[in-house]
**Student:** 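Mind having a look at this structure? Questions to follow.
Letters A, B, ... mirror the listed sequences (proteins, then strands); counts begin at 1.
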Protein chains: 2
Amino acid sequence: MLSIGEVSQQTGVSTQTIRYYERIKLLPEPKRAGNNYRVYSDSDVERLRFVNRARQLDFALEDIAEILAFRYQNAPPCQYVMNVMTQQITVIEERIGDLQRLRDELVNLHRVGLTMPEDIEMKQCVCHLIKTGQSNEDVNDE
Amino acid sequence: MLSIGEVSQQTGVSTQTIRYYERIKLLPEPKRAGNNYRVYSDSDVERLRFVNRARQLDFALEDIAEILAFRYQNAPPCQYVMNVMTQQITVIEERIGDLQRLRDELVNLHRVGLTMPEDIEMKQCVCHLIKTGQSNEDVNDE
DNA sequence: ACTTGACCTTATAGTTACTATAAGGTTTAG
DNA sequence: CTAAACCTTATAGTAACTATAAGGTCAAGT
């Protein structure tokens, strides 16, 4: 039986966040000690660990709630979880692609900024690059 | 001279977002027509394009406001912009790394889920994988 | 003249996943 | 007996929008 602070330490989830999860019903209301402090059982901690782990996999809290609901009904959430995973993978791969393109663009702009003569750099410079939105194509491919 | 809807079409920024930018003073209050409709000049549109382009580069609105403030004072924001860019690139590269690790982990879990015998898959399955948080290491490297 | 639909206006609340703050109660060590 | 390190609740703030409500304006069609 652990206090909220102890649970926080053991799981790496802040006390604020634990209370937040309780508020949005992702975690059940724990028992209370005589002084009204929260007291957590092993199964509470296990559930929190599950939530935390799923968050690290970037599952939305809503999806996690759904999975937990399946779990509680003793229905197998497997197919659901597998579907969510497939979706997640697609979304993440798209994000990676977007970010890579963005990084290339920024690196380009930065490089152009560096190679500008100082007096121009200090007057028109990078703002112009941002503004036009064409530097990328200019430098890159066209 | 354009209406908010026309500006929206020309820039790809929703009318809601244009009003939002005005509210947080990223854009100046435009003139109004007799009917109280917003009327935008070319320079208004140019400024919005700048904001939009910077957003596409994932600059925070706060940074954009800072850059625009420099611009207005005719002070060269160059060094500031260059610094922001450098920071952005670092942050983005970290995010890409995180996401790649996450994707690998998910792909792994998904693969394990697929190769599970169906009866097990339908009872313990992926939830267990999420729960333990150890499947990744099991499958990957150790 | 009137109504329908596509515009425009403001103000306010909702989104996601937290984080921070205020204002206070409890417990333990010195 | 007081200071610290816990705990409690309630509420507001974060980023960058998006959605909703409730209404005003305008051009075209009947």
**Student:** Give me the atom names and distance for the closest heavy-atom approach of Glu22(B) to Pro30(B).
**Tutor:**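 Minimum heavy-atom separation between Glu22(B) and Pro30(B): OE1-CD, 3.4 Å.
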**Student:** Using whole Å, report how far CD of Glu62(B) lies from C1' of dG13(D).
**Tutor:**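 Atom CD in Glu62(B) sits about 14 Å away from atom C1' in dG13(D).
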**Student:** Within the structure, does a side-chain N or O atom of Arg23(B) lie under 4.0 Å from either OP1 or OP2 of dT12(C)?
**Tutor:**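 Looking at the OP1 and OP2 atoms of dT12(C), neither is under 4.0 Å from any side-chain N or O of Arg23(B).
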**Student:** Please test Arg53(A) against Glu105(B) for salt bridge (Lys or Arg N to Asp or Glu O under 4.0 Å), starting from the C-alpha separation and ending with a verdict.
**Tutor:** CA-CA 12 Å; Arg53(A) 168 89 179 129; Glu105(B) 205 172 344; 2.7 Å; yes
**Student:** Enter the inter-axis angle for the ends of the helix from dA1(C)-dT30(D) to dG30(C)-dC1(D) (five pairs per end, rounded to 10°).
**Tutor:**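 The angle separating the two end axes equals 30°.
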**Student:** So, does Asn36(B) get its side chain near the phosphate of dG24(D), meaning an N or O under 4.0 Å from OP1 or OP2?
**Tutor:**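 It does not, given that no N or O in the side chain of Asn36(B) lies less than 4.0 Å from OP1 or OP2 of dG24(D).
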**Student:** Measure CZ/Phe59(A) against C1'/dA17(C) and give the value in whole Å, please.
**Tutor:**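 Rounded to the whole Å, the gap is 17 Å.
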**Student:** Answer yes if the side chains of Thr86(A) and Asn83(A) hold a donor-acceptor pair under 3.5 Å, and no otherwise.
**Tutor:**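 Note: Thr86(A) and Asn83(A) side chains miss the donor-acceptor criterion.
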**Student:** Does Thr15(B) put a side-chain nitrogen or oxygen below 4.0 Å from OP1 or OP2 of dC8(C)?
**Tutor:**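 So the side chain of Thr15(B) is outside the cut-off, no N or O lying under 4.0 Å from OP1 or OP2 of dC8(C).
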**Student:** Can you see if the side chain of Ser3(A) gets near the phosphate of dC6(D) - specifically, an N or O under 4.0 Å from OP1 or OP2?
**Tutor:**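 It does not, given that no N or O in the side chain of Ser3(A) lies less than 4.0 Å from OP1 or OP2 of dC6(D).
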**Student:** Suppose we call a contact any N or O donor and acceptor under 3.5 Å apart; does that hold for the side chain of Gln16(B) and the base of dA19(D)?
**Tutor:**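 Present.
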**Student:** Side-chain N or O of Arg32(B) versus OP1/OP2 of dT25(D): is the shortest distance under 4.0 Å?
**Tutor:**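 Arg32(B) to dT25(D) OP1/OP2: no side-chain N or O under 4.0 Å.
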**Student:** Between Leu27(A) (CG) and dA17(C) (C1'), how many Å, whole number?
**Tutor:**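 Answer to the nearest Å: 14 Å.
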**Student:** Verify the distance criterion only: is there a donor paired with an acceptor across the side chains of Asn108(A) and Arg111(A) at less than 3.5 Å?
**Tutor:**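 There is such a pair between these side chains.
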**Student:** In whole Å, what is the span from the OH atom of Tyr20(A) to the C1' atom of dT14(D)?
**Tutor:**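 About 13 Å, once rounded to whole Å.
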**Student:** Looking at dA16(D), I'd like to know if its phosphate oxygens (OP1 or OP2) sit under 4.0 Å from a side-chain N or O belonging to Tyr21(B).
**Tutor:**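 False: Tyr21(B) side-chain N/O out of range (4.0 Å or more) of dA16(D) OP1/OP2.
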**Student:** Measure CD1/Ile64(B) against C1'/dA16(D) and give the value in whole Å, please.
**Tutor:**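 Rounded to whole Å, this separation is 11 Å.
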**Student:** Starting at atom CG of Leu48(A), determine the distance to atom P of dC18(C), rounded to an integer number of angstrom.
**Tutor:**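 Going from Leu48(A) (CG) to dC18(C) (P), I get 11 Å.
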**Student:** Please confirm whether the shortest side-chain N or O distance from Arg19(A) to OP1 or OP2 of dT8(D) is below 4.0 Å.
**Tutor:**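 So the side chain of Arg19(A) is within the cut-off, an N or O lying under 4.0 Å from OP1 or OP2 of dT8(D).
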**Student:** Between Thr17(A) and dT19(C), is there a contact of a side-chain N or O with OP1 or OP2 at under 4.0 Å?
**Tutor:**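 Yes, within the criterion.
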**Student:** Is there a side-chain contact between Met85(B) and Phe59(B) in this structure, where contact means two heavy atoms from C-beta onward sitting under 4.5 Å apart?
**Tutor:**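 Contact flag for Met85(B)/Phe59(B) side chains = yes.
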**Student:** Need one value for Ile4(A): base, sugar-phosphate or nothing, where a base atom within 4.0 Å counts as base even if backbone is also close, heavy atoms only.
**Tutor:**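 Sugar-phosphate contact only - Ile4(A) comes under 4.0 Å of backbone atoms but never of a base.
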**Student:** Is any side-chain heavy atom of Gln10(B) less than 4.5 Å from a side-chain heavy atom of Arg49(B)?
**Tutor:**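 The answer is yes; the side chains approach within 4.5 Å.
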**Student:** Can you tell me if the side-chain N/O atoms of Asn35(A) get under 4.0 Å from OP1 or OP2 in dT27(C)?
**Tutor:**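 Checking dT27(C) against Asn35(A), a side-chain N or O does come within under 4.0 Å of OP1 or OP2.
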**Student:** Given 3.5 Å as the limit, does a donor-acceptor pair link the side chain of Arg101(B) with the main chain of Ile96(B), or not?
**Tutor:**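 It does not hold such a pair.
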**Student:** For the residue pair Ser8(B) and Ser14(B), what are the closest heavy atoms and their distance?
**Tutor:**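 The pair with the smallest heavy-atom distance is OG-CA, 3.7 Å.
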**Student:** Report the distance from atom CD of Glu6(B) to atom P of dA6(C), rounded to the nearest whole Å.
**Tutor:**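 Distance, rounded to whole Å: 17 Å.
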**Student:** Rounded to whole Å, please give me the gap between CZ in Arg38(B) and C1' in dG24(D).
**Tutor:**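 These atoms are roughly 14 Å apart.
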